[in-house]
Each structure stands twice: as structure tokens, then as C-alpha cells.
Number of protein chains: 2
Amino acid sequence: MQSLTEENYLKIIYHLSENNDNAVQTNAIAEKMQTKAASVTDMIKKLADKRLVDYKKYQGVKLTENGRLTAINVVRKHRLWEVFLVEKLNFKWDEVHDIAEDLEHINSTELIERLDEFLAFPKSDPHGDPIPDKNGKFDAIPFTKLSKLAPGSTGLITGVSEHSSLFLKHLEKLGLTLGKALQVKEITDFDGSVELIVEQKNISVSREVARHILVKI
Amino acid sequence: MQSLTEENYLKIIYHLSENNDNAVQTNAIAEKMQTKAASVTDMIKKLADKRLVDYKKYQGVKLTENGRLTAINVVRKHRLWEVFLVEKLNFKWDEVHDIAEDLEHINSTELIERLDEFLAFPKSDPHGDPIPDKNGKFDAIPFTKLSKLAPGSTGLITGVSEHSSLFLKHLEKLGLTLGKALQVKEITDFDGSVELIVEQKNISVSREVARHILVKI
DNA sequence: CTAAATGTTTAGACAAATCTAAAAAAATAA
DNA sequence: TTATTTTTTTAGATTTGTCTAAACATTTAG
Ligand SMILES: [Mn+2]
Ligand SMILES: [Mn+2]
Ligand SMILES: [Mn+2]
Ligand SMILES: [Mn+2]
């Protein structure tokens, strides 16, 4: 068993190495954990002693298979709780992350399995992120960043790569929620902003926003 | 805000002074917290500094109004989660206490209010204990110990004063669950065991068991 | 009412997770 | 390739909650 703090470190290391298999740097972890590099080094040593990460001084860390499974399990719990909060307690998608940050550390296998069943085994969370099954398996959801689409192309919104409440509220206001169909009308040369048609309406989003909207073509 | 440990101390002090307004003794707290008296003294000082308890050396502690409200709020959360686990996730009444011990420390007022609503504002938990409202108010549920009933008298099971899984499973097996009507047939002189009729069937429970069954006459 | 037993507090230490300041290694630039 | 900058690690402290051993206070028994 790991402490809540260890679980948070593992989860952050997992997310930082999700899209590349480089070793994760001490400073990157420190930033996400909102702590100092010195504290990260201390914790890394502890995780290495527990065989949850591979660590060589000055070379960064990688999760071991054991560490990876532990991290994925935390992610599974986080996302299941987010589904619960939205589907059952009627929270908005921008309100659930912080509460799930706490709930994800409740450790009861039985609880999570029954919650999963209660929610009818959801495949993705309110932000479109995949929910691993109890063995840590999940299908990566294929996507293209909206900012990469050419004018004329169409797609469905399947996720977001930024989870701040501010960003999610902004999308909500624009009607850009999960499952919505969109067509790219034009990309402004000047600032890269994207002109869209969603439900017969014209909508414009900045390049920055478009980068964080994930689309299935 | 208080730490998880502080919340547990407050809750234990609350339960220990629930049925009498004596000051609570250091050793009593130590036993419930499964820790040593010295540790309790340390924590008591901290709680006193935070005005959550009144404390005079060697004289035990009492909750302040503030401490009482904090404790009751933890109890509210505990019992609401227990209802959730039984009503929504189909746990048995003997399986929920330990999980609720963890869930009770999730601190989000919004979460608890929505959970309360989702559960249709239950008045009591799976063990018959009253659930305080968000202002800490609740009606004490009146009861008599089954061990105090005279032969011939009838009543409804409204609660239990022992929450161990072993005890609850035992009651379940005997069919002595919340809401069941019973009639006392006889009390054995020799060992104080109680002969009951429940749903036309004869059931015998030991004096010890009868002491922990709470009945509405 | 004194002595023994019981209950409580203090003193000093420890493990977990953090911090600051300084030293050491690695990466980058001149 | 040497010097500078950036990144990482170490050393030593701090906070929270715990512990043991010993001192102190209160209660109970003779
Ligand atoms: Mn989240
Ligand atoms: Mn999410
Ligand atoms: Mn309980
Ligand atoms: Mn209960």
C-alpha cells in the first residue's frame, strides 16, 4: 500500500510520461506537485526503494510495471468518481476535478468495482478521457487536435486536453461539449483562430482553444 | 479546516460524550483511537488551542460548540455515505462502516448536499442512527434496549448499539433487521437470554445480543 | 488518612513529507 | 574546451502525529 502522497507522485509521473517514453525530470514533477525539486528527489528515492519507479541519479525516473499499474488504478478511480459526480449528482464537467482528486485516494477495491457497475461500466469520463478497467486495460481514444484540421473537414468533439474550470466553462458557453459535430469553415491566417459551424451556428475559437479541443474525424 | 486525524479525535470525543455530559477521559479516547494516552494529550492540546475542545489538565475534555458542530458534520458525512453504499451500491449493512470511515473525510459541502439530495434526504443510516441535517440538527430516535423489555411486550427494531460486522451478520442470519416487529415471549432466568417471536418464528438471543438491539415500543 | 493503584502529563525521540541553502553534476554557450 | 547556466542532489531544519519511559496528579483501599 502507498500513501496518498505517493499515489499523487505516481499519477503525475504517469501523466508526464503518457505520450513519450522519456524519463521524467525532477523539475517537471516538482511543478505539477507544486513543491520543490528537493522534495521530489526525496520522494523519488522512496518510490525507487519500493520498486515503483526506476531511478538513476540525475537521469530522471520511469515507472516500473508495478508503478504504472498503481498509477493507472488511481486514474481509474479518479475518472469513475468524475462520472458519478456528473451523471448521478448533477455536477457540471468543470466542477468535478477537485473533488475527484480527493475521492481517488479512497482505497477499496470492492467499492470501485461496485461503483463501476452502478455507473454501467463507463468507457470514458466527462472530459472524454478513457477509463481503465480493473486490470488497467483501456483503449486509447483516437483524436486529432481541432487546431490541426483543414478547412472543410468535419468531426465530433471527443475530448479536451486542458481541464481547468475556466477553459471548460468557456467551451460550455460556446456549446462546444462532448459529442457535438463540427465543421471547420476557415482558419484565419493572421492569428490562427478557427471559424466553426456547430449546430448551424458560426462559432470562432482562438488557436489556443482549438489546440485543446480533441476531435474524431 | 482540520486534518483527518483531528476530525477523528473530535468524532470520538463526540460519541464518548453523546449520552452523558461528563468530561471525556484521556484513556477512553486513547482506546477508541487505538493509540497511547501520551499521544492523546498532545492532540487534546492542539484541539484546545483551536478552541475545538475545553481542556483542563487531568480533568478530561469537552467539545466546544464549534467542536461539536465539526464532529456532527463528520458523523453526517459518515452516515450519508453508509446510506449511499447500501442503497445504491448494494453493500450489506455490515460491510459499509470501514469504507465510510474513509469517505467521511472528503471535505466538500457541495458534494455532501448533492449526495443528501440524491439519497432523498434520508433521516437515518443503515444501522438506524439519525443523520444530522446540514445545520447539525437531528431528532434523537427514541428506543428501548431489547434486554429491558418485559415478557409479552412488542416492538419494532429501530437500531443497534454495536456496529461490528460479526454482530450485524449474526442479526442478519437471525432475521433481526431494521423494521422487523418482535414480541418478547420469555426471559430465561438462568442466563438472561431472550425468547422472541419474529414473523411467526421463535428466536432466541443471548442477553449480550439483546442489550445491543434497540426497539421502538 | 496514608499508601497503593490508576490515570495523565512531560520529556525526548522518531518517521513522513516538506522546506531553504549550498554543493555537485549535466547541459549549453562562447 | 573551458566557462556559464540549468538541473539535480545533499545537508540540515521543520511540522505533524506518533511512541516509550518517567514524573506527576488523582482516586481508591486499607
Ligand atoms: Mn480530473
Ligand atoms: Mn477527467
Ligand atoms: Mn459506521
Ligand atoms: Mn452507521
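The sequence lines fix the lettering, A, B, ..., with proteins before strands; numbering per chain opens at 1. Since the model is a prediction, treat every value here as computed from it, not as a measurement. Computed over heavy atoms, backbone and side chain alike; hydrogens, waters and symmetry mates excluded.
The CG-C1' distance, from A:Asp42 to D:dT10, rounds to 9 Å in whole Å. Between A:Lys45 atom NZ and D:dA11 atom C1' there is a gap of 10 Å when expressed in whole angstrom units. Look at CD on A:Gln59: it is 10 Å from C1' on D:dT8, rounded to the nearest Å. Nucleotide C:dA15 holds its P atom 14 Å from the CG atom of A:Asp49, rounded to whole Å. If you take NZ of B:Lys56 and P of D:dC24, they are 23 Å apart, rounded to a whole angstrom. A:Leu4 has its CG atom 15 Å from the C1' atom of D:dT16, to the nearest Å. Per the geometry, CG belonging to A:Asn27 stands 13 Å off C1' belonging to C:dA26, to the nearest Å.
Among the heavy atoms of the strands lying under 4.0 Å from B:Thr26 are primed sugar atoms or P, OP1, OP2 only; no base atom is included.
In the displayed structure, A:Asp21 atom CG is contacted under 6.0 Å by at most 12 heavy atoms of other residues, nucleotides or ligands. Surrounding CZ of A:Phe143 are at most 12 heavy atoms belonging to other residues, nucleotides or ligands under 6.0 Å away.
Considering only side-chain atoms of A:Tyr58, the nucleotide from C:dA25, C:dT10, D:dT10 that sits closest is C:dA25. The listed nucleotides are D:dT9, D:dT18, C:dT9; the one nearest the side chain of B:Met43 is D:dT18.
You'll find the side chain of B:Lys11 reaches within 4.5 Å of the side chain of B:Glu101, heavy atoms only. Side-chain contact between A:Ile141 and A:Leu214 is absent, with no heavy-atom pair separated by less than 4.5 Å.
Near-neighbour residues of DNA chain C inside residues 5-25 of chain B, defined by a heavy atom below 4.0 Å, number-ordered: B:Gln25. Residues from residues 28-38 of chain B with heavy atoms under 4.0 angstrom of DNA chain C, sorted by number: B:Ala37, B:Ala38.
Under 3.5 Å, the side chains of A:His78 and A:Asp125 contain no donor-acceptor pair of N or O atoms. At a cut-off of 3.5 Å, with distance as the only test, a side-chain donor of A:Glu162 or A:Ser164 sits close to an acceptor on the other residue. B:Glu117 and A:Asn90 form no side-chain donor-acceptor contact under 3.5 Å, judged by distance and modelled atom types alone.
The phosphate of D:dC19 has OP1 or OP2 within less than 4.0 Å of a side-chain N or O from B:Ser39.
The ring-ring contact (aromatic ring centres under 6.0 Å, His included) test with B:Phe167 singles out one residue from B:His97, B:His212, B:His127, and that residue is B:His212.
We find the NZ-NZ distance between B:Lys88 and A:Lys88 to be 7.5 Å, quoted to the nearest 0.5 Å.
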